[in-house]
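Just so you know, these numbers use all the heavy atoms, side chains as well, and skip hydrogens, waters and symmetry mates.
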Amino acid sequence: MLICAGPGASRHIKNCNVTEILLKVLLAYLLGSVLGALWVGRFLGHVDIRKMGSGNAGGTNALRTQGWFFAALVVVIDVGKGALAAAWLPLVDIPGIPAATGIEAGWLQVACGAAAVVGHVFPLYHGFRGGKGAATLAGALAFINWQALLVILVTWLLIVSLSGYVSLATTVSIAVAAVYCGVTSGISSPAFVFLLIMTLFIVFTHRSNIARLRAGTENRMAMLMLFKKKP
């Protein structure tokens with residue numbers, strides 16, 4: 001199989017049929033279902049952070065309840081599986097699957113990347129109770145459109161350092177990256193479609209945070225703020 005992938009690619013994956021695409025999307029979902037927080041918790045003392053803090057199996061709750069080292073391991077796993085889904089799975093040959101000239105490389109990348117994010121949020125192995133998908137999205141986006149990932153990182157750091165609200169920084173930064181891709185790559189590009197769908201999905205996964213933001217009860221990550229109010 002020959003793949004020429006990259007942001008805005010007009011080249012095609014050769015010998016790729018619908019069965020192969022569906023299998024790779026399924027594999028990406030199963031890969032996404034491996035939750036970093038639960039595996040790290042299992043190896044570092046049988047800790048289930050879904051029973052602590054916000055109940056979310058993601059990096060932010062890991063940081064709040066377990067500290068930097070635990071959270072860093074969680075983020076590495078969750079980012080890594082998104083990267084594998086977008087960068088490695090599209091390259092894999094599946095033995096015994098009939099092939100035909102197929103789709104643009106960018107579309108298979110975003111399909112696998114999106115499936116990994118969905119797997120993280122609704123993990124098959126963990127009762128469909130997972131995290132909120134942002135770290136896995138970032139890992140996939142690193143190979144779908146790394147410039148958009150830089151936009152997310154800069155926007156996220158700016159918002160969280162000023163406000164302390166991780167949920168606000170996450171949802172806004174992904175939306176900003178979607179606008180960036182729409183302007184630079186076009187609204188028909190795989191990266192823009194991916195980020196548009198992911199913006200809506202991440203807003204959905206953060207719906208409780210958004211409700212707390214509106215009510216003024218959302219928790220701040222004071223340790224990440226540059227400007228803190230003096231007690």
Side-chain angles (χ1 to χ4, degrees), residues 27-89 112-144 146 149-150 152-157 159-161 163-174 177 198 201-209 212 218-225:
L27 288 172
Y29 166 76
L30 296 175
L31 179 62
S33 292
V34 177
L35 291 187
L38 298 189
W39 282 100
V40 173
R42 183 172 299 177
F43 285 109
L44 296 182
H46 298 284
V47 174
D48 185 349
I49 67 169
R50 295 178 302 177
K51 300 177 181 177
M52 303 174 181
S54 66
N56 177 51
T60 302
N61 195 37
L63 178 60
R64 283 197 181 104
T65 62
Q66 304 299 316
W68 285 99
F69 178 69
F70 189 105
L73 293 177
V74 171
V75 170
V76 167
I77 293 172
D78 290 346
V79 170
K81 67 190 183 185
L84 283 173
W88 174 69
L89 270 179
C112 290
V117 176
V118 172
H120 179 81
V121 177
F122 302 111
L124 178 65
Y125 317 126
H126 305 291
F128 302 101
R129 290 182 55 219
K132 297 189 177 180
T136 304
L137 186 157
L141 193 58
F143 291 90
I144 293 169
W146 63 266
L149 178 58
L150 288 181
I152 287 178
L153 293 176
V154 171
T155 306
W156 188 92
L157 287 171
I159 294 174
V160 82
S161 63
S163 71
Y165 293 125
V166 173
S167 56
L168 178 66
T170 301
T171 52
V172 171
S173 63
I174 294 170
M198 287 295 101
F201 189 63
I202 294 300
V203 167
F204 168 76
T205 64
H206 285 77
R207 61 195 182 281
S208 60
N209 303 85
R212 290 193 295 269
E218 176 73 330
N219 293 323
R220 294 177 189 263
M221 289 289 286
M223 67 180 73
L224 300 177
M225 295 178 66

Side-chain donor-acceptor contacts of residues 65-73 below 3.5 Å, not counting sequence neighbours, with atom names and distances?
{"unit_1": "Thr65", "atom_1": "OG1", "unit_2": "Asn61", "atom_2": "O", "d": "2.8"}

Can I get a per-line list of side-chain donor-acceptor pairs under 3.5 Å for residues 124-135, giving both atom names and the distance, sequence neighbours left out?
{"unit_1": "Tyr125", "atom_1": "OH", "unit_2": "Leu30", "atom_2": "O", "d": "3.1"}
{"unit_1": "Lys132", "atom_1": "NZ", "unit_2": "Asn209", "atom_2": "OD1", "d": "2.3"}

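Partners of Tyr165 according to the side-chain hydrogen bond (donor to acceptor under 3.5 Å, both in side chains) rule, which considers only residues two or more places apart in sequence or in another chain, are Arg220. In this structure, Arg64 has no side-chain hydrogen bond (donor to acceptor under 3.5 Å, both in side chains) partners at least two apart in sequence or on a different chain. Asn219 is linked by a side-chain hydrogen bond (donor to acceptor under 3.5 Å, both in side chains) to nothing, counting only residues two or more places apart in sequence or in another chain. For Thr170, the side-chain hydrogen bond (donor to acceptor under 3.5 Å, both in side chains) criterion is met by Trp156, not counting sequence neighbours.
Side-chain atoms of Leu84 and Leu89, non-hydrogen and from C-beta on, never get closer than 4.5 Å to each other. Inter-residue side-chain proximity for His120 and Leu137 is flagged as unmet; no heavy-atom pair is nearer than 4.5 Å. Proximity of Leu141 to Met198: side-chain heavy atoms (C-beta onward) are nowhere separated by under 4.5 Å.
Remark: Ser33 OG to Leu38 CG distance equals 11.5 Å, nearest 0.5 Å. Atom-to-atom distance recorded for Leu153:CG and Trp146:CH2 is 11.5 Å, nearest 0.5 angstrom.
Minimum heavy-atom separation, Pro123 to Leu35: CG-CD1, 3.8 Å. A pairwise comparison of heavy atoms in Ala140 and Ala86 identifies O-CB, 3.6 Å as the closest pair. Taking every heavy atom of both residues into account, Phe201 and Val121 meet most closely at CE2-CG2, 3.6 Å. Contact record, Ala85 with Cys112: O-CB, 3.1 Å, taken as the closest heavy-atom pair.
Judged purely by atom type and a 3.5 angstrom limit, Lys81 has no side-chain atom pairing as donor or acceptor with the backbone of Leu31. The backbone N or O of Asp78 sits less than 3.5 Å from a side-chain atom of Thr136, completing a donor-acceptor pair.
Test His206, Glu218, Arg207 against Ser167 for side chain to side chain donor-acceptor pair (under 3.5 Å) and you get one pass: Glu218. For the side-chain contact (heavy atoms from CB on, under 4.5 Å) test with Val166, the passing option among Thr171, Leu63, Val160 is Val160; the others fail.
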Using the rule given for side-chain contact (heavy atoms from CB on, under 4.5 Å), can you reason through Ile152 versus Ile174, listing the C-alpha separation, both sets of side-chain angles and the distance that settles it, and then say yes or no? CA-CA 6 Å; Ile152 287 178; Ile174 294 170; 4.1 Å; yes
